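Since the structure comes first, as structure tokens, the remarks are kept for the end.
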Amino acid sequence: GLLTGFVLSLLGTLYEISSPNLAVCGRVTHGGWRDLRYFPDAEQPPGCVVIRMDAQMHFANAKKLKDFCLRAVRLRESKGKEVHYVIIDAKAINRVDLSACEMLESLAENLSVHKQKLVIANLKAPVASTLHDAGMPRKLKKYDSHLCLDIEDAIDMIGAGSPDWHTLGEQVQQVVESKQLLRHRRRGSGTFLPKREGSSKVSPGDAGAVRVVVP
């Protein structure tokens, strides 16, 4: 009775965690992004495959996301379309773990073999902060892949043929710094001067963890 219900509920939860909804998306007329299975007339940006996962990204589903991205690229290419970018719309992702970070680096590496790039867009502040702490901006940059806050900015820059990834990366950095500053203020830890990844100098505009106690 009760035990059986608990076990079934647990199994159902584990299945949902390990089998998230994954979708190839296109842009509809009002500017949003929708699952092509339900909106077949949605427009796919030239040279791009946009993927959305409606779940947290962690060890139980990271490989499924990677495999789904690679299959989506192969399917698009089989239709005679070139793919230069795989864009993960992270709007519905509110948490990532270390396994997910390792998967993203591996995916970027796999794509780079075919001269394709990975972009993780629509990042929420907690996810951007976790990816930053894991060194993902630097790791992705090795494969000419990037993080950005707004998928529309990324698509527009790619479409114009001159994406300014440095500027988009700076926007992510600012969000990370703001979240770190807020976290330290809540802890009552004094004045927080962040230190940017790869920088040896500390300034109020840098990201990291340097604390100055205010008397």
Side-chain angles (χ1 to χ4, degrees), residues 20-27 31-35 45 48-66 68-69 72 84-109 111-112 116-159 163-184 194-198 205-209:
N21 179 55
L22 296 166
V24 178
C25 296
R27 182 190 273 153
W33 295 86
R34 295 292 184 268
D35 189 334
C48 301
V49 172
V50 178
I51 306 292
R52 189 185 71 221
M53 183 171 78
D54 299 325
Q56 298 178 7
M57 192 191 306
H58 47 61
F59 70 95
N61 57 31
K63 187 177 185 302
K64 288 194 175 182
L65 175 58
K66 177 183 176 180
F68 185 86
C69 289
H84 303 296
Y85 290 90
V86 172
I87 302 175
I88 296 178
D89 180 355
K91 185 176 182 179
I93 299 173
N94 55 26
R95 185 177 179 183
V96 297
D97 68 4
L98 182 59
S99 295
C101 293
E102 292 173 347
M103 180 279 292
L104 292 173
E105 182 179 7
S106 175
L107 176 58
E109 182 179 10
L111 292 171
S112 70
Q116 296 163 334
K117 305 173 181 67
L118 175 65
V119 177
I120 301 122
N122 276 348
L123 289 169
K124 295 180 178 179
V127 174
S129 183
T130 300
L131 294 175
H132 174 272
D133 291 345
M136 291 307 296
R138 171 179 49 81
K139 293 175 182 178
L140 291 176
K141 191 175 181 180
K142 292 188 301 184
Y143 308 107
D144 201 15
S145 295
H146 308 276
L147 306 176
C148 74
L149 295 180
D150 192 332
I151 191 172
E152 298 296 343
D153 287 345
I155 294 291
D156 290 346
M157 286 187 178
I158 290 170
D164 184 358
W165 297 117
H166 176 74
T167 297
L168 296 184
E170 285 293 307
Q171 293 173 358
V172 175
Q173 184 73 38
Q174 291 170 9
V175 168
V176 171
E177 291 173 6
S178 297
K179 180 170 177 56
Q180 290 174 337
L181 180 59
L182 179 61
R183 183 168 62 238
H184 279 257
K195 177 170 176 280
R196 294 191 178 219
E197 182 183 21
D206 284 339

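Remember, predicted model here, so these are calculated numbers, not experimental data.
- Taking the side chain as every heavy atom from C-beta outward, Gln180 and Asp133 approach each other to under 4.5 Å.
- Atom CZ of residue Arg138 and atom NE2 of residue His132 lie 10.0 Å apart, to the nearest 0.5 angstrom.
- In this structure, Trp165 CH2 and Asp153 CG are separated by 9.5 Å, a value rounded to the nearest 0.5 Å.
- Closest non-hydrogen pair, Lys179 versus Ala125, comes out as CD-O, 3.6 Å.
- Legend: residues meeting side-chain hydrogen bond (donor to acceptor under 3.5 Å, both in side chains) with Asp150, ordered by chain and number and at least two apart, are absent.
- Not counting sequence neighbours, the partners of Arg27 by the side-chain contact (heavy atoms from CB on, under 4.5 Å) test are Trp33, Glu152, Ile155, Asp156.
- Of all non-hydrogen atoms in Leu22 and Lys64, the two that sit nearest each other are CD1-O, 3.9 Å.
- Each of His146, Met157, Gln173 was checked for a side chain to side chain contact (heavy atoms under 4.5 Å, CB included) with Leu168, and the lone residue meeting it is Met157.
- The structure places NZ of Lys117 at 13.5 Å from CG of Leu140, a figure rounded to the nearest 0.5 Å.
- Between Tyr85 and Pro45, the closest side-chain pair of non-hydrogen atoms is not below 4.5 Å.
- The side-chain heavy atoms of Leu182 and Ser178, taken from C-beta on, include no pair separated by under 4.5 Å.
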Which side-chain N or O atoms in residues 90-102 pair as donor and acceptor under 3.5 Å with protein atoms at least two apart or in another chain?
residue	atom	partner	partner atom	Å
Asp97	OD1	Ser99	N	3.2
Asp97	OD1	Ala100	N	2.9
Asp97	OD2	Phe59	N	3.0

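- Residues forming a side-chain contact (heavy atoms from CB on, under 4.5 Å) with Thr167 (at least two apart in sequence, or on another chain): Asp164, Gln171.
- Residues that satisfy the side-chain contact (heavy atoms from CB on, under 4.5 Å) test with Ala128, not counting sequence neighbours, are Leu123, Val172, Val176.
- Here Ala62 pairs with Met103 under the side-chain contact (heavy atoms from CB on, under 4.5 Å) rule; sequence neighbours left out.
- When the shell of 6.0 Å around NZ of Lys124 is examined, it contains more than 12 heavy atoms from other residues, nucleotides or ligands.
- When all heavy atoms are compared, the tightest approach of Tyr143 to Ser112 is CD2-OG, 3.6 Å.
- By the 4.5 Å heavy-atom criterion applied to side chains, Gln56 and Asn61 are not counted as neighbours.
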**Report entry** Pair Val127-Met57, side-chain contact (heavy atoms from CB on, under 4.5 Å): steps then yes or no
**Finding:** CA-CA 10 Å; Val127 174; Met57 192 191 306; over 6 Å; no
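- To the nearest 0.5 Å, atom OG of residue Ser129 and atom CD of residue Glu177 are 11.0 Å apart.
- With hydrogens and angles ignored, the 3.5 Å screen pairs a side-chain donor or acceptor of Thr130 with a backbone N or O of Pro126.
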Report task. Tell me, with the steps shown, if Leu107 and Ile88 meet side-chain contact (heavy atoms from CB on, under 4.5 Å). Result -> CA-CA 11 Å; Leu107 176 58; Ile88 296 178; 4.3 Å; yes
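- In this structure, CD1 on Ile151 lies 7.5 Å from SG on Cys25, to the nearest 0.5 angstrom.
- Under a cut-off of 6.0 angstrom, the local environment of NZ in Lys142 is crowded, with over 12 non-hydrogen atoms contributed by other residues, nucleotides or ligands.
- In terms of modelled atom types and a separation under 3.5 Å, the side chain of Lys139 and the main chain of Ala134 share a donor-acceptor contact.
- A donor-acceptor pair under 3.5 Å is absent between the side-chain atoms of Asp89 and the main chain of Asn122, judged by distance alone.
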